[in-house]
Amino acid sequence: MTSLPPPSLGTLKKATISYGMRQVFVTIVGLIANIILTRLLFPDEYGRFAVIMMVLSLGMIFADGGLGIYLIQRKEDVTEMDVSKITNLQLSVAVTFLALLFLLATFNHYYVKRFPILWLLFCSCLGIPFFVIRGMCLVRLERHLQMSKIAIVDIAEQVVFAAVSIFLAYRGAGVWSIAIGLIMKSVAGCFLAVFLSPFSYKFVFPTVDREFMEGLKFALHYQGAQLITIARIAVNPIFINSTLGLQNGGFVERANYINSAPSGFLSMIQDKVWFPFSSRIQNEREKLKKFFEDSVYLYSALDKVFYLPLLLFTTEIVSLFLTDKWLPMVPLMQWFFAGTMIFGALTAPFYPVMNGLGQSRIIFRLNFLGMILSWALIVPLCLVYGIVGVGIASFILWFGVIINKIVLNKHIGPFVYFMNIIKPTTACAISWVFISTIQHYYFVPPKTLFQLCSWSIISVLSYLFILCILDFNNLKRIFRNIYYA
């Protein structure tokens with residue numbers, strides 16, 4: 001098999017812009033849909049939704065098996081026969097998972113009669129086979145950084161989910177509106193992916209040879225890391241729902257979603273585009289190191305644009321957009337925002353680069369350590385401080401990025417991290433103090449949507465102005481490199 005040549009920075013720039021434009025649209029549609037759904041549904045229903053997402057993510061991990069990621073990461077080209085083999089294996093696992101869930105729900109219905117949520121879980125997972133086919137149709141597009149077609153699929157999925165779930169929620173379907181929306185999202189994405197990126201399907205299964213075992217080893221480590229992540233976040237649907245109630249579970253779920261929306265906007269581009277790019281330049285360590293350093297700086301500079309207004313006007317945003325029934329989660333959100341703003345710049349590019357280097361086993365170990373620490377901190381802190389304990393624990397856990405830095409140093413060589421985040425963080429802190437002082441002494445907090453938008457824009461502009469003063473030369477260098485790539 002032949003290996004793919006390393007892509008140019010121009011290819012990366014084109015893919016990033018293409019997928020970035022998609023991500024803007026998807027984020028806006030997703031944000032509007034979630035605002036409407038959060039207004040229509042109640043906190044306890046989002047407590048059930050947290051359980052749905054945990055089981056659905058588990059099913060997707062088992063069905064994918066990490067083999068789709070392996071095909072993207074491996075150096076040799078991927079043939080249609082390779083895609084067919086992995087597709088059949090993944091579909092077999094998906095059907096088995098659904099069958100087991102169906103048997104469990106049936107047994108509970110006739111004999112136990114205690115957990116009606118099991119039927120909801122089974123129905124929510126019916127889209128997994130479609131998710132498998134969709135993913136395998138798009139594998140070769142991801143390898144070649146052809147993100148425009150992938151963007152079409154992602155946009156269509158988000159629009160279908162928003163339309164179906166909002167309509168059903170408005171009609172009073174409750175949490176079932178989200179479950180059915182997830183199914184229709186998977187179906188729509190599957191059919192569109194098959195149309196845009198078909199492959200010659202053959203009913204064949206992988207041969208258990210040396211190459212397959214190497215790929216399986218990478219895949220198991222990769223998916224093992226995902227399983228550990230689910231075990232870490234399972235503290236919400238398992239511990240918080242059972243100990244503090246479904247309502248508090250809903251508060252934690254929504255606070256976590258709002259916190260992850262801006263970082264997800266940026267990290268999704270890195271995961272989709274920079275992972276295959278890192279895979280293609282994995283033998284050029286100096287180029288990879290410089291690429292990583294600039295990624296950290298750009299992420300640190302850009303995430304403040306989103307998080308600064310969220311941190312300044314958390315109460316007003318929740319009250320205006322989500323209604324006052326969600327105000328109890330405001331202190332939790334502020335802890336989430338503070339940790340992500342300060343430390344998030346390393347973790348976002350860390351995972352696509354490490355996976356691009358084929359080091360999924362290291363990510364597995366780091367996630368396993370994070371899972372243990374998460375449970376060890378969240379459980380006692382929640383018993384003392386309630387749901388705010390989740391935010392305090394999350395902030396403490398962010399200091400673990402130092403371990404990530406040490407690990408990455410061993411694979412790409414020493415790189416600049418702290419100096420890359422200190423100036424954007426300083427500019428953000430100065431802007432926060434400036435706007436907070438003005439608000440406190442001269443103006444009342446924003447009460448209308450127009451006032452909120454105006455003050456948010458002012459805070460962002462002040463941050464960007466201060467950042468340009470502190471680090472104009474570095475900003476000029478990075479954007480010049482992007483422009484001439």
Side-chain angles (χ1 to χ4, degrees), residues 16-17 19-38 46 53 151 154-155 158 162 229 233 251-274 295-318 320-322 326 329-352 390-391 394-395 397-398 401 420-421 424-425 427-429 431-432 435 446 449 452-453 455-464 466-467:
T16 302
I17 292 174
Y19 204 76
M21 293 174 64
R22 163 264 175 205
Q23 196 63 13
V24 170
F25 183 85
V26 169
T27 300
I28 292 174
V29 173
L31 186 61
I32 294 173
N34 271 278
I35 289 173
I36 297 173
L37 288 171
T38 306
Y46 272 102
M53 291 309 299
D154 290 336
I155 290 171
Q158 192 63 46
T229 299
I233 64 177
F251 287 142
V252 174
E253 194 283 329
R254 286 291 83 186
N256 185 61
Y257 166 77
I258 296 170
N259 175 63
S260 62
S263 58
F265 168 74
L266 298 172
S267 61
M268 180 65 75
I269 300 173
Q270 294 176 327
D271 290 339
K272 282 288 186 181
V273 181
W274 294 359
S295 300
V296 168
Y297 181 83
L298 274 176
Y299 189 99
S300 181
L302 291 174
D303 70 350
K304 311 297 185 293
V305 172
F306 301 99
Y307 283 106
L308 180 59
L310 287 172
L311 188 61
L312 280 166
F313 311 113
T314 312
T315 302
E316 292 78 13
I317 289 172
V318 171
L320 281 171
F321 288 100
L322 307 183
W326 294 95
M329 69 179 181
V330 166
L332 171 62
M333 293 171 62
Q334 291 172 331
W335 278 102
F336 280 162
F337 295 155
T340 306
M341 285 175 65
I342 298 172
F343 301 108
L346 178 66
T347 55
F350 174 81
Y351 289 102
V390 180
S394 174
F395 188 86
L397 287 167
W398 272 114
V401 298
N420 273 329
I421 69 169
T425 304
C428 181
S431 181
W432 181 81
I435 298 296
L449 180 60
L452 180 61
C453 292
W455 277 107
S456 297
I457 292 172
I458 291 171
S459 66
V460 170
L461 291 176
S462 68
Y463 159 70
L464 294 174
I466 296 168
L467 180 60

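Atoms considered below: every heavy atom in the structure, side chains included; atoms not considered: hydrogens, waters and symmetry mates. Since the model is a prediction, treat every value here as computed from it, not as a measurement.
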(request) Apply side chain to side chain donor-acceptor pair (under 3.5 Å) to Asn256 and list each qualifying residue two or more places apart in sequence or on a separate chain. (result) none

(request) With sequence neighbours left out, write down each residue that passes side-chain contact (heavy atoms from CB on, under 4.5 Å) with Ile457, or none if nothing qualifies. (result) Leu461

(request) Taking side chain to side chain donor-acceptor pair (under 3.5 Å) as the test, write out the residues that go with Asn259, two or more places apart. (result) Thr340

(message) Taking side chain to side chain donor-acceptor pair (under 3.5 Å) as the definition, give me every residue that meets it alongside Ser456, ordered by chain and number, with sequence neighbours left out.
(response) none

(message) According to side-chain contact (heavy atoms from CB on, under 4.5 Å), who are the partners of Val460, at least two apart in sequence or on a separate chain?
(response) Val305, Pro309, Leu464

(request) Specify the closest pair of heavy atoms between Cys428 and Met341, including all atoms of both residues, with the distance to one decimal. (result) SG-CE, 2.9 Å

(message) The criterion is side-chain contact (heavy atoms from CB on, under 4.5 Å); which residues satisfy it with Gln334, sequence neighbours excluded?
(response) Leu311, Thr314, Val330

(request) Search all heavy atoms of Leu310 against all heavy atoms of Ile317 and return the closest pair with its distance. (result) CD2-CD1, 3.7 Å

(request) For Tyr46, check ring-ring contact (aromatic ring centres under 6.0 Å, His included) against everything at least two apart and list the hits. (result) Phe49, Trp326

(request) Look up atom CZ in Phe395 and atom CD1 in Ile342, then write down how far apart they are to the nearest 0.5 Å. (result) 4.5 Å

(request) Anything under 30° is parallel, anything over 60° is perpendicular, the rest tilted; go ahead and classify Phe343 against Trp398. (result) parallel

(request) Tell me, please, which residues at least two apart from Leu397 pass side-chain contact (heavy atoms from CB on, under 4.5 Å). (result) Leu373, Ser374, Leu377

